[in-house]
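Values below: all heavy atoms of this structure, side chains included; hydrogens, waters and symmetry mates excluded. Convention: sequence-line order gives letters A, B, ...; per-chain numbering from 1.
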Amino acid sequence: MVHRLLMHWRGAQKTDEIPNLDAVLSRDLGDLEPCLYVLDIRDIEPTFERIGGHLLADGGKGLVGEPVSDAPKNTLLGEAVKYYSRVMVKRIPITLGGEFMNDKGKTILYRSLIAPLSDDDGENSFLLGAANCKVQEE
Amino acid sequence: MAKSVSFEIYSFKNGDWMLDSVHDDKNMAIHQGRMLIASPHHMAIRVVEESYDDVTDNSMTKIVYKEQKGGEDEKPKKVVKKATNSPSKKRKKKKKKKGKSLLVIVLSLGGISLGLLALLALLIAQSD
């Protein structure tokens, strides 16, 4: 998933600059879409602009329009969004995987990506995030 | 967590190494690097492993993968050297041109002087 989304991100680049939000989201993302979220970073604290179905079901319910700090810990969305500030500073894609224990006591293995996106004026205004996971077998 | 490892992809563009992306997985980073070098914007790529031990506060970096268009890894540096060499070559060419024009001036002045001397000699002969 991370690799495929990075391919779309690079495919939406005109040259080397940060690609436009619409240029990435208008691509045929297929089964990646439920795993995506977008952060609006124009305010002092970033807010969730949109959240895909899988992430809504795993920590993202009711978070569209809400600040990133509201993402609950020990959920897929909460873990996947943790390092957003590093991407804001470096302005490059960062991928990260890890594990956490969910509220049912299961160990969850996840992989995630956060990449910068620009608005129509070319400003770095959004972050594109994605994550998927599986339960660790005992 | 005592030791953290990340893999940074650097791309050689416009005469400089630029950080392209950061990954926590070596295979992912190398695969991404291979994809980058296949695109026209990237001359060379390097994947650098950076490990940091927060107990000892030591960090280590090493290149785990490198590739460039057209062969050896050192080529980007040669490109930079070529760029710095080219102005001196131009300077040498300019010096050669200057030498030629100086010779033309000397020969012209010599010709004019001889002409004037001949004219002077003619005038003296006529007055006698």
Review point. Should B:Tyr52 and A:Leu96 be regarded as members of a common hydrophobic cluster, given that ILVMFWY residues are connected when their side-chain heavy atoms come within less than 4.5 Å of each other, either directly or indirectly?
Key: no
Check your understanding: Most heavy-atom pairs under 4.5 angstrom with chain A, which of B:Asp25, B:Leu19, B:Asp20?
Key -> B:Asp20
Exercise for review: Pick one of side chain, backbone, both or neither for A:Val2, based on which atoms fall under 4.5 Å of a heavy atom in chain B.
Suggested key: both
Exercise for review: Write down the atom of B:Met35, the atom of A:His3, and the distance for their closest heavy-atom approach.
Suggested key: CG-CE1, 4.1 Å
Check your understanding: Under 6.0 Å from the NE2 atom of A:His8, do we count more than 12 heavy atoms belonging to anything else shown?
Key -> yes
Review point. Taking side chain as C-beta onward, heavy atoms only, is B:Ser21 less than 4.5 Å from A:Lys90?
Key: no
Practice item. Indicate yes or no: at least one non-hydrogen side-chain atom of A:Arg111 is less than 4.5 angstrom from one of B:Asp24. Key: yes
**Study point:** Transitive ILVMFWY side-chain link A:Leu109 to A:Met1, under 4.5 Å
**Key:** no
Review point. Side-chain heavy atoms under 4.5 angstrom apart, residues restricted to Ile, Leu, Val, Met, Phe, Trp, Tyr: same cluster for A:Leu25 and A:Leu113?
Key: yes
Check your understanding: Hey, are the side chains of B:Val22 and A:Ile92 touching, using non-hydrogen atoms and a 4.5 Å cut-off?
Key -> yes
Exercise for review: Identify which part of A:Arg91 has an atom lying under 4.5 Å from any heavy atom of chain B, answering side chain, backbone, both or neither.
Suggested key: neither
Practice item. May I ask you to check whether over 12 heavy atoms, not counting those of A:Arg50, lie within 6.0 Å of atom CZ? Key: no
Review point. What part of A:Leu6 lies closer than 4.5 angstrom to a heavy atom of chain B: side chain, backbone, both or neither?
Key: side chain
Check your understanding: Shared ILVMFWY cluster between B:Met18 and B:Val47, side chains joined below 4.5 angstrom?
Key -> no
